[in-house]
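Only one structure is covered here, and it is reproduced in the block below.
The chains referred to below are lettered A, B, ... by the order of the sequence lines, with proteins before strands, and numbering in each begins at 1.
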2 protein chains.
Amino acid sequence: MIVSKDNHPVSKSIYKQLLLDLPSLSGGTQFKLGKISLDIEGKDGLGGLIEEWFGEWAISHKFTVYNPKVEEGTSQEFPDYYVGKAKDGYLEIKTFDADASPNFDIANFESYCDSLANNPYRLFSDYLIFSYKLNGSALKINEIWLKKIWEITCASAAYPLKTQNKRSVIYNIRPASFHLVNTRAARFPMFSGPVKFVDALYTTQYQYNKKTADRNKFQQSLSAHGIDLNKL
Amino acid sequence: MIVSKDNHPVSKSIYKQLLLDLPSLSGGTQFKLGKISLDIEGKDGLGGLIEEWFGEWAISHKFTVYNPKVEEGTSQEFPDYYVGKAKDGYLEIKTFDADASPNFDIANFESYCDSLANNPYRLFSDYLIFSYKLNGSALKINEIWLKKIWEITCASAAYPLKTQNKRSVIYNIRPASFHLVNTRAARFPMFSGPVKFVDALYTTQYQYNKKTADRNKFQQSLSAHGIDLNKL
């Protein structure tokens, strides 16, 4: 697996091609049942549709991406795609309405703490993010970004890492307003690198439920794999 | 609002017509973006699509249903539809894969406790439930039910009301295997009526977080509206 602050070369090629295709990325969803055919105006399932579309788009452009849900028939949550011939990169697909702030779930908070401890390479996943506009049922991709997790996360007033909290329970890791150059992003800027992000992640876990086991396991796992985050 | 153990007359007419249409209820989802057009095989957004489809189907059959999200432009969670000219019935649309057990969220547990206390009529909502089969991208409605909440809920080993629990947190009210006539349903049968369901709901809330305020408010609200559950 790649260990780098930089995006995977295949992810970068994909991103380059997507930016070329961007002006043509219009369409929509049609749902048919019995005699009724509907142009869908709801946003509910759109993230899943764009994720499934991306796989077809990548294949049509001969990029080496692998969908574990299709290839292995599993219903695994992570990753959305492997990239590279050696499947040595993780690629996550995220989407949000361009008329609102990014509100997608980056990951379930506790699951992420746990899975990072077991697989430190997950920290180096690439995030391919699409913002869209839905005008009635007419869909248009508005902007596309290729990011690392520390480039789309930040602190919040509640915790060192911005999360979705309800009734004192932390549910998901939530994105910063990474798409804005300044304004709101100024108070809680994105993290400067993986070390700062990991620190915020496990400090949040400690403040939340006094758990330190995941952080310790993560540090051990980094050492075992010969990874030094400070040398990236 | 109607107060009855029986389903709303409009819901019953809708159900009757749906059963007539059932053999023809085949179709699927097509997603288009740029040059790529996809027949969707994922189930993620299917519930939302069937809910949106239902509104169109009902209008095409001249049933008096109102979608509050469309009519009032709100993004409210409840109800999915009002039924009846006086909008005196609530109709919720639920879906599940016929090859699995019902796994839809009936409602967020705490929100439901709270909202029932504020609006006891919610207890009398009708649930229109579709099971579907997805063969590749070919969708077919398999069965349809019209139910009350106490007819699709049951106890569980953990609590008097079956809920979705993760890391000791109760998330959602989850359905019984109401579609099975016997087998698994035998150990935890569905509730015999609204009184038993409400009792299980608030006993679960008490066991979970020692909260009794919602139950008290619900009882007061019933009295204020002159509703006697035992006389239904």
- line: residues 18-42 of chain A vs chain B, non-hydrogen distance cutoff under 4.5 Å, contacting residues -> A:S24, A:L25, A:S26, A:G27, A:G28, A:T29, A:Q30, A:F31, A:K32, A:L33, A:G34, A:I36, A:L38, A:D39, A:I40, A:E41, A:G42
field: B:E52 side, atom CD; A:S137 side, atom OG - distance, nearest 0.5 Å
entry: 9.5 Å
- request: Name the region of B:E110, side chain, backbone, both or neither, that has any atom closer than 4.5 Å to a heavy atom of chain A.
  value: both
Closest-packed option against chain A by number of heavy-atom pairs under 4.5 Å, given B:L49, B:I141, B:V169, B:L139: B:L49
task: Give a yes or no on whether B:K210 atom NZ has more than 12 heavy-atom contacts from other residues, nucleotides or ligands under 6.0 Å away.
output: yes
field: Engaged part of B:I50 at the chain A interface, taking heavy atoms whose separation is under 4.5 Å
entry: both
